[in-house]
Amino acid sequence: MRQLFTISLAVGLIASACNLDEKEQPAPKIYLQNEGNYEIEINDTVTLSPKITYDYDSKYSWKINDTKVSDELDYTFVAKELSDFVLTFTVETSSGSDDRNINISVVRNIDFESFDNFTAPKSKTLVSHTDTTEGFACKGLLFANTEITDSVQLAKNFANWNGFAFSNLSAITNTVSTKAIGCAYDSRKTSNYLVANTKNSAAKVDFGGQKHTVKSIDVANDNLVYLISKYGYGVTDTTALLNYFGTDDRYTLIIKGLDETGNQISAVEYDLIDCRFQNPAKYIRVNEWQTIGLTALGRVSALSFEITSTQDKYPYLFCLDNIKLQN
C-alpha cells in the first residue's frame, strides 16, 4: 500500500507541474531608475540597466531616434553632443512586449563653483567685484560687472556694483537692513551663485562668441528685496522710505536673448513677487530657488537681465545659478 501511495503522489506532482507549464506567463514589464530621466554633462556616461518582471527568454532592443544601437539588456550612453536625446528600450517575450522611453539631457552647466579669473572664497561672503574691470568669467562666459562709487548712485542702488556679484551666503534673515543684500532667499543650504543688480542698467552675460540654446536657469529672490516687499524699509510711525508691496504690485524679472550684435531677439518674463490679488493671503513671493525654462529664447549669443517693478525706488536685485546651455 505504501508503494502504491508513493507512485500515486509522484504522478500527481507531475500532472501539477504540467498544468503550471501550460499556464500562460504574464507579459514583461519594464521599470526604470529616475523614472527614465537623466541630466548629464558633455563626455559623461550613464549606464542604463532596466529592471524587468517576467523576463524569460527575452529579446532586447535599444534605439536612438529610431536607429537601433544595441540588443543587450544594459546600455551605456556617452554624451557627445549638447542636446536632448530620447532612447527607446523594448523587451519581447513569447507572452508579449513592453517598451519605455529614457530622456537624457546633455547640458553645459554654469554652476559658479569655479571661475576663470576669480578664486571663490570658502568663507561665507559677498564679493561685489573682481580685480579685473570686466566682470566674473566662468567656463568661457563673461558676467559683466562695474563698481559703483558715486554716493548718490549707491543710495539709489543699495548695492555697490552693477551687473553681477559673487555670493555663497546662506543664512537668511528677517531683519530689514542692507546686511540682507546678496543672500538668496531660500532656507536650504546654498553653494556658490551670483547676485545681479540691474538698477542702473541691464546685467549682461556674453557667451564668448558662441551661440547656445539656454535650457534653463535657477533664480531666487534677494533676501533684502523679499523683506522690503513684505514689511517696507525705513518704516516709522509716520513715514517709510519704501512701502511694502500691496494689491497689484509686481516685481518681474525679464530675461532677454541677444544676437551677436547685442540686439534683442526674444524675451521671457518671470514674476519674483506677484501681488495681483485682492486677498493679501494669496500674494506670491518666491521663497526658494526656482528653475525657469528658457528654450523659448532660441539660439542666442548673450543674455540680458532686467527687473521691472510697480515701485521703482526698490533695489533691483535677484540671485541666479545653474545656467544650463545646449548647442
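- Each ring pair (Phe, Tyr, Trp, His ring centres under 6.0 Å) pair with one or both residues in residues 167-195, not counting sequence neighbours, appears once here: Y185-Y226, Y193-W289.
- Within a 6.0 Å sphere centred on NZ of K63, heavy atoms belonging to other residues, nucleotides or ligands number 12 at most.
- No donor-acceptor distance shorter than 3.5 angstrom exists from the side chain of N34 to the backbone of G36, with no hydrogens or angles considered.
- Atom CD of Q264 sits in a crowded spot, with more than 12 heavy atoms from other residues, nucleotides or ligands closer than 6.0 Å.
- Annotation for T93 and S58: closest pair CG2-OG, 3.2 Å, computed over non-hydrogen atoms.
- Of the options N103, V69, I64, a side-chain contact (heavy atoms from CB on, under 4.5 Å) to L87 is made by I64 and by none of the others.
- Heavy atoms from other residues, nucleotides or ligands lying under 6.0 Å from NZ of K204 number 12 at most.
- Without hydrogens or angle criteria, K156 side chain to S151 main chain gives no donor-acceptor distance under 3.5 Å.
- When every heavy atom of L224 is checked against every heavy atom of P315, the shortest pair comes out as CD2-CG, 4.3 Å.
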Query raised in the report: Going through the checks in order, is the side-chain contact (heavy atoms from CB on, under 4.5 Å) test met by N160 and S128?
Result: CA-CA 7 Å; N160 65 352; S128 59; 3.1 Å; yes
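- N168 places a side-chain N or O within 3.5 Å of a backbone atom of S123 that can act as its donor or acceptor partner.
- Using modelled atom types, one finds no donor on one side chain facing an acceptor on the other under 3.5 Å when comparing D111 with N192.
- In the model, T67 has no side-chain atom that pairs as donor or acceptor with a side-chain atom of N65 under 3.5 Å.
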Query raised in the report: Stepwise, does the side-chain contact (heavy atoms from CB on, under 4.5 Å) test hold for I307 with T252?
Result: CA-CA 6 Å; I307 292 288; T252 304; over 6 Å; no
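- T310 and D249 are linked by a side-chain donor-acceptor pair at a separation below 3.5 angstrom, with hydrogens and angles left out of the test.
- Heavy-atom minimum distance, A180 versus L227: CB-CD1, 4.4 Å.
- For the 3.5 Å distance criterion, the side chains of T76 and T47 qualify, holding a donor opposite an acceptor.
- Results of the side-chain contact (heavy atoms from CB on, under 4.5 Å) test with K29 over V91, T53, D55 single out T53 as the only residue that passes.
- Side chains of E113 and S191: a donor-acceptor N/O pair is present below 3.5 angstrom, by distance only.
- Electrostatic pairing of R108 and E41 does not count as a salt bridge here, judged by no charged N lying under 4.0 Å from a carboxylate O.
- Within a 6.0 Å sphere centred on NZ of K124, heavy atoms belonging to other residues, nucleotides or ligands number more than 12.
- In this pair, Y314 and Y251 present their aromatic rings tilted. The plane angle is within the 30 to 60° band.
- For D218 and K324, the salt-bridge test fails: no basic side-chain N is under 4.0 Å from an acidic carboxylate O.
- Atom CG of L253 and atom OH of Y270 lie 9.5 Å apart (nearest 0.5 Å).
- Aromatic pair F166/F118: ring centres closer than 6.0 Å.
- Across L294, T291, I110, a single residue satisfies side-chain contact (heavy atoms from CB on, under 4.5 Å) together with I217, and that is L294.
- Screening I273, D186, N287 for a side-chain contact (heavy atoms from CB on, under 4.5 Å) involving N221 leaves a single residue, I273.
- Between F115 and F112, the ring-plane angle classifies as parallel under the 30° and 60° cut-offs.
- Note on R250 versus D271: salt bridge recorded, some NZ/NE/NH1/NH2 to OD/OE distance being below 4.0 Å.
- Using a 4.0 Å cut-off between charged nitrogen and carboxylate oxygen, K215 and D84 count as a salt-bridge pair.
- Atom CG of D150 has more than 12 neighbouring heavy atoms from other residues, nucleotides or ligands inside a 6.0 Å radius.
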Report task. For I265 and V300, run side-chain contact (heavy atoms from CB on, under 4.5 Å): C-alpha distance rounded to whole Å, both residues' side-chain angles, the deciding distance at 0.1 Å, then the answer. Result -> CA-CA 8 Å; I265 57 176; V300 297; 3.7 Å; yes
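- Taking OG of S49 as the start and CG of L73 as the end, the distance is 7.0 Å to the nearest 0.5 Å.
- A side-chain donor-acceptor contact under 3.5 Å links T88 and N101.
- Side-chain atoms of D222 do not come within 3.5 Å of backbone N or O of A184 as any donor-acceptor pair.
- For the pair S266 (side chain) and L297 (backbone), a donor-acceptor distance under 3.5 Å is present.
- Side chains of S83 and N327: a donor-acceptor N/O pair is absent below 3.5 angstrom, by distance only.
- Residues Y283 and F245 keep their aromatic ring centres 6.0 Å or farther apart.
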